[in-house]
Amino acid sequence: MASETVFILIGSNVGEREILLERACDFVGRLCGRIIAKSPVYESEPWGFEAEQWFLNQVIEIETELSPDDLMLELLDIEKDLGRDRTTPHKGYVSRPMDLDILYYGNKVVDTEYVTAPHPRLHLRRFTLMPLCDIAPDLIHPKMEMSNARLLELCNDEGLVKKYER
């Protein structure tokens, strides 16, 4: 299989958030593909639910030879290794030590058992679009036919998102 450029959103709002983001990047780089770019880290209020701790988010760009499903299964294993428990059923969103989402899998539209790409809520979330625009502002969303920068301009999300100061 030829390599593909993939954008992944990393998020954490439980535990040592900074360390968890660093460890997630390390795991992804070792197990999934070569990291090409990393956005700055952002801090954002939880989206779609109330939580005590805000999220740290970062987007990374990788080059991978894994299929969309194989990549997602690897990401789910990384989430589990970093403390995420998906065994308890939840209604809606919950706090979590690690969340890894495939935002784009190349310029392909993917709809499999494990992966929907582009991510179906990418254009609705400022906490996703801001770091994404730091490393890929001109990338065109293959379904919406707009750049990430344009999607950010049109985004109605009013959630607070700011660059994280250590």
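For the numbers below, each heavy atom of this structure counts, side chains included, while hydrogens, waters and symmetry mates do not.
Lys162 has its side chain within reach of Trp54: a pair of non-hydrogen atoms, C-beta onward, lies under 4.5 Å apart. Glu43 is listed as a side-chain neighbour of Arg17, based on a closest heavy-atom distance under 4.5 Å. For the pair Asn57/Leu9, a side-chain contact is recorded, criterion being any heavy-atom separation below 4.5 Å from C-beta on. Side-chain atoms of Met130 and Leu152, non-hydrogen and from C-beta on, do get closer than 4.5 Å to each other. You'll find the side chain of Lys143 reaches within 4.5 Å of the side chain of Pro118, heavy atoms only. Using a 4.5 Å heavy-atom cutoff, the side chains of His119 and Thr128 are not in contact. Put simply, the side chain of Ser3 does not reach to within 4.5 Å of the side chain of Arg34, judged on heavy atoms. Residues Leu154 and Met146 meet the side-chain proximity criterion, which asks for heavy atoms closer than 4.5 Å.
Thr64 contributes no side-chain N or O that, together with a main-chain N or O of Glu4, makes up a donor-acceptor pair within less than 3.5 Å. Distance alone, capped at 3.5 Å, places no donor-acceptor pair between the Gln53 side chain and the Val14 backbone. Asn107 places no side-chain N or O within 3.5 Å of a backbone atom of Pro142 that could act as its donor or acceptor partner. Formation of a donor-acceptor pair under 3.5 Å by the Asp99 side chain with backbone atoms of Gly11 is not found in this model.
Between the CE atom of Met98 and the CD1 atom of Ile10 there is a distance of 6.5 Å, given to the nearest 0.5 Å. Remark: Glu74 CD to Leu31 CG distance equals 5.0 Å, nearest 0.5 Å. Summarising the geometry, atom OH belonging to Tyr105 is positioned 10.5 Å from atom CD1 belonging to Ile8; distances are rounded to the nearest 0.5 Å. The CZ atom of Arg150 lies 12.0 Å from the SG atom of Cys133; values are rounded to the nearest 0.5 Å. Interatomic distance, SG of Cys32 versus CD1 of Ile60, reported as 8.0 Å (0.5 Å rounding). Between atom OG of residue Ser67 and atom CG of residue Leu73 there is a gap of 8.0 Å, rounded to the nearest 0.5 Å.
There is no path of hydrophobic side-chain contacts, each under 4.5 Å, that joins Leu56 to Leu160. Hydrophobic clustering of Ile, Leu, Val, Met, Phe, Trp and Tyr side chains at less than 4.5 Å, counting indirect connections, keeps Leu82 apart from Ile19. A continuous path of hydrophobic side-chain contacts links Val110 to Leu71 [ILVMFWY only; heavy atoms under 4.5 Å]. Hydrophobic clustering (side-chain heavy atoms under 4.5 Å, transitive across Ile, Leu, Val, Met, Phe, Trp, Tyr) keeps Leu124 apart from Val109. Hydrophobic clustering places Ile102 together with Tyr114 (ILVMFWY residues linked when any side-chain heavy atoms are closer than 4.5 Å, directly or through intermediates).
Other residues, nucleotides and ligands place no more than 12 heavy atoms under 6.0 Å from the CD atom of Glu16. Summarising the local packing, OH of Tyr164 is surrounded by more than 12 heavy atoms from other residues, nucleotides or ligands at distances under 6.0 Å.
Pairing each heavy atom of Pro137 with each of Ile135, the nearest pair is CD-C, 3.7 Å. Of all heavy-atom pairs between Ser44 and Phe127, the closest is OG-CB, 3.5 Å. Nearest approach of Arg126 to Val161, heavy atoms of both residues: CG-CG2, 3.9 Å. Across all non-hydrogen atoms, the minimal contact from His141 to Met144 is ND1-N, 3.0 Å. Across all non-hydrogen atoms, the minimal contact from Tyr42 to Pro40 is CD1-O, 3.5 Å. Closest approach of Asp134 and Ser39 over heavy atoms only: CB-CB, 4.3 Å.
A salt bridge is defined here as a Lys NZ or Arg NE, NH1 or NH2 lying under 4.0 Å from an Asp or Glu carboxylate O, and Arg96 with Glu79 fails to meet this definition.
Partner of Leu75 under the side-chain contact (heavy atoms from CB on, under 4.5 Å) criterion, out of Val115, Asp101, Leu100: Leu100 alone.
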Begin with the C-alpha distance, continue with both residues' side-chain angles, and end with the deciding distance and a verdict on side-chain contact (heavy atoms from CB on, under 4.5 Å) for Asn148 and Leu122. CA-CA 9 Å; Asn148 289 323; Leu122 176 154; 4.3 Å; yes
Between Val41 and Glu18, is a side-chain contact (heavy atoms from CB on, under 4.5 Å) present by the stated rule, with each step listed? CA-CA 9 Å; Val41 175; Glu18 279 180 75; over 6 Å; no
